[in-house]
Each structure stands twice: as C-alpha cells, then as structure tokens.
Amino acid sequence: MSASSFRRLSLGLALVLAPSLAHAQGSPGLPSGGPGGPGGPGGPGGAEEKKEGVAEAAPKAQGQLPTTPVLPSPRGKRKRWKLLEVDGYYRLRTDWFKNFNLGFNDDPAVGGAPFPQALSCNSDLNGACDDTISGGNMRLRLEPTINIDEGTGVHLQLDVYDNLVLGSTPAGERQGSYSDTNRPPLGAFGDGQGPVVRGQNSDRDPIVVKRAWAEVALPLGILKFGRMPNHWGMGIMNNAGGEDPINGTYNYDADYGDTVDRVSFSAIIPGTRLRGQVASDWSLTRLASNQTAAGAGREGHPFDLDDADDANQWVFTISNMDSPSEFRDTLDRGELAFNYGLYMAYKTQSWDVDLRDFTAGGTLGASRFVPRDLTTYTPDVWLRVGYGAHQLEAEAALEFGTIDRLSDQGLTGSVDVRKFGGVGRYSWRGVDDKLLVGAEIGIATGDQWDNTPQGNSHISNANLIGGVGDSTLTQFIFDRDYQVDMILFRHLMGAVTNASYIKPYLSYQLTNSINFRGSNINSFAMRKVSTPGNELMYGVELDAEISYQSGGFHAGFAYGVLFPLAALSHPADDANDAGPGFGYGNNTGDPSTAHNIQARVVLTF
C-alpha cells in the first residue's frame, strides 16, 4: 500500500471510530440549486431559480448536499423516506453560430481562427460557405440516490447520450470504417438513426457513469468518500456544473462539472456556527495496470503502477453559511445576512511520467519517468452579504508555488506559479421583487505567451507552461462552467483567462412563469502581448434571453451578438518592424461581428 493511500485509509478509519456516545451536532444546510441566477455567472443561457417559500423551515437533518462536498449542507428535508430517489433532467438544445471564426481562415499555417469554419468553407465549390454552423444536441442526466437510512446514502450521476449531436448517427453509415472500397450510401437515403457505438459513429459511450460516492452521518459529523462533485463559492475555480447550492439555482446549460476522487470529513466547530472540513484527494495517480501492457490481468483489480508519480492534495475549508431560504428570510426580516468561507488546497508531486505519443495499452519504458518536484498552495476566499434589497457576493482565488523541473517540456531551471482570479457581483431587487439590476466584474491573470496557432484564442491551444527563459507561470483560467456570456468567453476563448470584464445586467419577471434578462459584457486583455492582435480590447457583447418555467418544464430562447475589437484582429506584418512579425500571411484584417442564437427545452424530475 502506498504511503498516500495509507494516510487516506487511516483518516477514514479514524473518522469511522469516532466516539459513538457524542451528541450529533446540527447545521443549517443548503437545498438543491445551481450556478447562474438572473444576471449571474450564466447570464443569458439557462440558470433557473428554484422557487422556495419564505417561511420554509430550514432542514434539520445533519448532512451535505451531494453536489457540494466542500460546503456545509444537510440533505433536504423529505416528506417521506424512500429507499431510492431518482432526480435529473432531459435537455434538448439547439445552437446557431454565425461567423464565430470572425471572418478569418482557420488554417493553422496562416495563424488560425478562434473557431472552426464550416467544412464547406474549405472546399473548391463556390457559394457553399456562409460561415454558419447550426445543430442540436441532447442529454438525459440521471442522479439516483440509494438511501440506507436518513443519514446514510449512496449517490450516482450518469448521462445518457451526453450532448449527442442530433442526426449524427444515420442508420447504414459505418462511420469509422470509411475507405475507397467501403463507402457509405448516399446520406439522404438514410431512414433514421442507428445506435451509438463508440469507435464507429461516436467518440463517446451512449451511457457514461460520471460520479459515485457515499455519505455517512457519524455522531460527530459527515463522512464522504468516492468520486464526487467538487464545488466552492461562486464556482470560478471549482464548479460542480449545474447546481449552485449557495443561491439555490440550477444552470441547465452547463456542459462540464468538476469531479474529484476524495475522502472528506466535516463537522460543526464546537461553540460556533462555523463548519470545518478536511479532505484528502487522489488528484493524480498516473498510469494504472489496466492502462498499459505492464501488469495487465495480473491481479483481480487494477493497481497504481507507481507511488512517486502521484499528485496528492489535501483540502481544508472553514465556513459560515446559510441555506438560500434562510438567507432570504434574514433579508425579509430586515436583518443583515453575512456568509463567508475559506478554502485551502495543498498539492505535491515528486515525479511524473512523460505520456507524449503514448497510446493506452502500450509499453512504457523507464526513461519516461521524469522528476517534477511540484508544490502548490491554493487559498480561495468567498463571501456573501445582503441587506434589504441589496446583495454583494465575491470570490478571490490565488494559486502559488514552485515546479522545480520541467526539462521534459523543454524548460531549464525551476518555475514559479503565481496565478490570480476573482469575481465580484452586486445586485438590487425592486418592483415587488420582479426587477433585478446589478453589475459583475471579473479578472483572471494571463501570461506573455501566444496560443499555438496564435489566432486560435481558445484555451485548448493555450501555452500553459510558458517558453524558454520563462520562470513564472501566471495564466489563471476560470472554470468552464462559470458562464459569463454566450460567445467570447463561452466559445471563442473557452473560459475567462488573461482577461478582465465589466458586466451590467438586469432581469425582469414578466409573469409568474415568464422572465426576461439581458446583459452587456465589456472585455479587456490583461496582457495584450499574448492576444491575436496584441491589443487591449477584446470586444463588446450584448446577450438577451426570454425563458418560461412551469413546474418541471423549462424553455428558453437566447440571442447574443459580439462586436470584436482590436485584441482579436489579425494585423499585417510591418516591413519596417525589426521584430518577427505576426505571421498571418494573407489571413489579416479586422474581426467581423459574431452572432449566436440558442433554444433550449428542459424537463426536470
């Protein structure tokens, strides 16, 4: 048994053996919810508030929400105890992307573009390209809970047809086996859709189990263990993707969700309203025996092939937090509501494995084992203050540490890690609580290195470890499920990074079921040298959505338009410039306007 695994097992045993005669300590908790809210991180795009009465009783059962392993929150109060509960939703979503490449050629040889062009744009046919990509996708999410008793249960999350593109598996077409002698039939002759088969017509399995973990109410607190969601604060660093337990909302437009392998224990600190938690994470074990040719089939279960290349993480949190209903009740009584929390993560890794050009099931030589000596610290502070119609919420995260060796990545010497990201949001409610007006500001530090290719602004092409001579890594990337807009950060960049933004927004409840919201996002680069155009302003975006909700039925229609500015341009090389130039060739000019139209239908259960 590895030293790290032994420490985790020891922690679990110590918690299980806690004195059984101690009195259980109750804690105010958080009912189900999710990121966004009117004008919140999701902005236009799918955040729906779960309705709760002001006089709703606070949950009294000790526990935590399945989606918030690092936050204090008991299970919801049940009308009747059930052995099996199944929650989830079915989502059908359509998108219309217009000019997401901003008028540029996406060929890497001429600098690329922020979004792929339609295939017809690279054909020899005239008139086939209109720089438009549209389509639909679906997801069925199931979140069953097996209740052993009121304080003990097992939770799962699985997706059926996770974001399956509609029309992508036509019956009769043997995708994945195309050749000159094995051509598919004429596509228009298809008479329906075939089953999803990984490796043939899809890169995903039709059913994917994403999470499985257990919760146990012990006399002194809550023990959790398994593969579970990870959420903290406003979600700029750790975001479970969907539920926001702090604000009691749900973002049905989420696509990702952070998941962690963890064992944790949380409890009320005696004599206070504070809840503390300690958690041990299996952040990274690198290769297991069933992923290589070494040791395959030797044991009854796969095993970690080495301890030295593991990345181990300890997480400590302390918080004072009310449930959404308790927070609103405090405001309705005219009192000050004040919640806060501190999250601290400590991560280490001694060695690593160079997996470049390695294929699953292959043989890995000892020469691939490289030193790393990584140590990082990540404090994250969150607070929420409300009084009357006013509310302020903020989160700030800092990641710092050192990586002593990156020679396998072409760098010599040690590298410091210095990253920062933060968000602040103010809102005011009025007109019988129908109107919500507010503003949000955000910042994420960047680095001096261009993407590869330079014109592709997406984080999938980001240079995350710098270059020769670089001694500091400073690029902070927001969690991809923290949604600020509909176009720039959501699709062209992938997340907020190397950027600051100012976002005024408003939301108005037209009827009990119909809501309108709109926002204006003004975005700036933190380090303009690493933008495609080497300038400061990314652009101005306007987003709007009208949504309908009745019971478990949700529908929304949203439109966004981005007016890109100089930071997203492709400048021509200056013949009088002694520098290396931009290298865009004939792929130069100012970016053109991009549009996005999204429709969404969701059934919740």
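Only heavy atoms go into these numbers, but all of them, side chains included; no hydrogens, no water, no symmetry mates.
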request  = Anything under 30° is parallel, anything over 60° is perpendicular, the rest tilted; go ahead and classify Y89 against Y252.
outcome  = perpendicular
inquiry  = To the closest 0.5 Å, what do you measure between CG (D261) and CZ (R227)?
reply    = 4.0 Å
inquiry  = Tell me whether the count of non-hydrogen atoms from other residues, nucleotides or ligands lying under 6.0 Å of CG in L119 goes above 12.
reply    = no
inquiry  = For the backbone of A555 and the side chain of R600, can you confirm whether one donor and one acceptor N or O come within less than 3.5 Å of each other?
reply    = no
message = Assess, by modelled atom type and distance only, whether the side chains of N456 and N461 contain a donor and an acceptor separated by less than 3.5 Å.
response = yes
request  = Consider only side-chain N and O atoms of Y501 and D485, and report whether a donor and an acceptor are under 3.5 Å apart.
outcome  = no
ask   = Going by the angle between their ring planes, with limits at 30° and 60°, are F97 and F115 parallel, tilted or perpendicular?
value = perpendicular
task = Indicate the atoms forming the closest heavy-atom contact of A397 with M237, along with that distance.
result = CB-SD, 4.1 Å
inquiry  = Please tell me whether E85 and T145 have a donor and an acceptor in their side chains that are separated by less than 3.5 angstrom.
reply    = no
Pair L142-F605, side chain to side chain contact (heavy atoms under 4.5 Å, CB included): steps then yes or no = CA-CA 9 Å; L142 302 174; F605 50 88; 3.7 Å; yes
request  = Return yes if a side-chain donor-acceptor contact under 3.5 Å exists between N239 and R480, otherwise no.
outcome  = no
Donor-acceptor contact below 3.5 Å, side chain N230 vs main chain V260 = no
inquiry  = Show the nearest heavy-atom pair for residues A558 and M486, with the distance to one decimal.
reply    = CB-CE, 3.7 Å
key: Between S513 and T511: side-chain donor-acceptor atoms closer than 3.5 Å   = no
message = Side chains of F553 and L603, heavy atoms from C-beta outward: is any pair under 4.5 Å?
response = yes
request  = Using a strict cut-off of less than 4.0 Å between a Lys/Arg side-chain nitrogen and an Asp/Glu carboxylate oxygen, indicate whether R273 and D322 qualify as a salt bridge.
outcome  = yes
task = Compute whether any side-chain donor of one residue and acceptor of the other, for E541 and S523, lie under 3.5 angstrom apart.
result = no
ask   = Roughly how far apart are R384 CZ and N247 CG, rounded to 0.5 Å?
value = 5.5 Å
Exam field: side chain K98 to backbone D130, donor-acceptor pair closer than 3.5 Å = yes
message = Is the ring pair H491/F100 parallel, tilted or perpendicular, if the boundaries are 30 and 60 degrees?
response = tilted
Distance, nearest 0.5 Å, that separates CD1 of I146 from CG of L83 = 7.5 Å
ask   = Is a donor on one side and an acceptor on the other found under 3.5 Å between the side chain of Q313 and the backbone of S283?
value = no
key: Greater than 12 external heavy atoms within 6.0 Å of I441's CD1   = no
request  = Flag the pair F327 / M321 as yes when at least one side-chain heavy-atom distance between them is below 4.5 Å, and no otherwise.
outcome  = no
message = Any carboxylate oxygen within less than 4.0 angstrom of a Lys/Arg side-chain nitrogen, looking at R490 and D255?
response = yes
inquiry  = Checking the side chain of N515 only, and the main-chain atoms of S547 only, is there a donor and an acceptor separated by less than 3.5 Å?
reply    = no
key: Check: Q277/R275 side-chain N/O donor and acceptor closer than 3.5 Å   = no
note = dist L331:CG -> H390:NE2 (nearest 0.5 Å) comes out at 11.0 Å
